[in-house]
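A quick note: this is a predicted structure, and the numbers were derived from the prediction, not measured. Hydrogens, waters and symmetry mates are skipped; everything else that's a heavy atom, side chains included, is used. Residue indices begin at 1 and follow the sequence shown.
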Amino acid sequence: MSPSFMTYSLPSLRTRPFAFAAAMVPAVLKEFIAWRRKNIVLRLERQFAEIMQIVLSSVSAGMSVEQAFVELNEGNLKERPELKLIMKEVEIINRKLIINYSFYDAFKNFAMRSGSSDIKNFSAAVAVSGTRGGNIVYIIRNSLANMRMRFDTDREIRHTLALPKYNHRIITAMPFLLILMIKSISYEYMQVIYQTREGKLVSLCVAAVLLTAWIIGSRLCNIDM
């Protein structure tokens, strides 16, 4: 083997894994951001449903929704870590009320920030009921019932897809584990992939197929409500 060939092949062998990893970063990062955002929205919805049950009790006792939110902010719910996300939003709403901001506008802004379609629909219903009149108790109770039904359906879907997602991760990681195993057993056997044009072309095609399969599998295993 000539020195010139060694000078060319060794750096490319060292940098190729990093180049492939860099090419996968945007897709992986996009999937991670979407997964994290979805989980935050789901946590916010569950916390919202819990505090709205308290608001429903206050409104049933004769309070307005605005007074119920003020009472929430003055209570001891901030000390509960499981309600951290929603209590931060309740505090923001009450700060806007102090500077004479409309409650319905403040609640609408919160709904837009939440990214939840259920909270947005609830905000619109509350605004219509507060400005034009309506049975706010019925609206809150019916909205909470619909949210709980969706939570139960989402839980069933997650349990149903748990095994396919686990299999998808195993199948995705298996080719890389096999390559590492073969390289550890017989490093020279894998050299043909890195040092020949045909091997580089095959490895590029395999990488493209794996990336495509991972994206398609992720889409099939994710069902949004």
Report the distance from atom [atom1] of [X] to atom [atom2] of [Y], rounding to the nearest 0.5 Å.
X: Arg113; Y: Ile119; atom1: CZ; atom2: CD1; answer: 10.5 Å
X: Ser58; Y: Leu72; atom1: OG; atom2: CG; answer: 6.5 Å
X: Lys108; Y: Ile93; atom1: NZ; atom2: CD1; answer: 14.0 Å
X: Ser123; Y: Asp118; atom1: OG; atom2: CG; answer: 12.5 Å
X: Ser116; Y: Asn121; atom1: OG; atom2: CG; answer: 8.0 Å
X: Asn109; Y: Glu89; atom1: CG; atom2: CD; answer: 10.5 Å

Full working for side-chain contact (heavy atoms from CB on, under 4.5 Å) between Val90 and Asn94: CA-CA 6 Å; Val90 171; Asn94 278 274; 3.5 Å; yes
Give the cluster check for [X] versus [Y]: same hydrophobic cluster or not, with ILVMFWY residues linked at side-chain heavy-atom distances below 4.5 Å.
X: Val55; Y: Phe151; value: yes
X: Met63; Y: Val126; value: no
X: Ile54; Y: Leu85; value: yes
X: Leu97; Y: Ile136; value: yes
X: Val128; Y: Met112; value: no

Over all heavy atoms of both residues, which pair between Ile139 and Ala125 is shortest? Give the atoms and the distance, please. CG2-CB, 3.8 Å
Side-chain ion pair, Glu91 and Arg95, N-O less than 4.0 Å: yes
Pair Arg148 + Glu45: basic N to acidic O under 4.0 Å: no
Would Phe107 and Phe110 count as a close aromatic pair, with their ring centres under 6.0 Å? yes
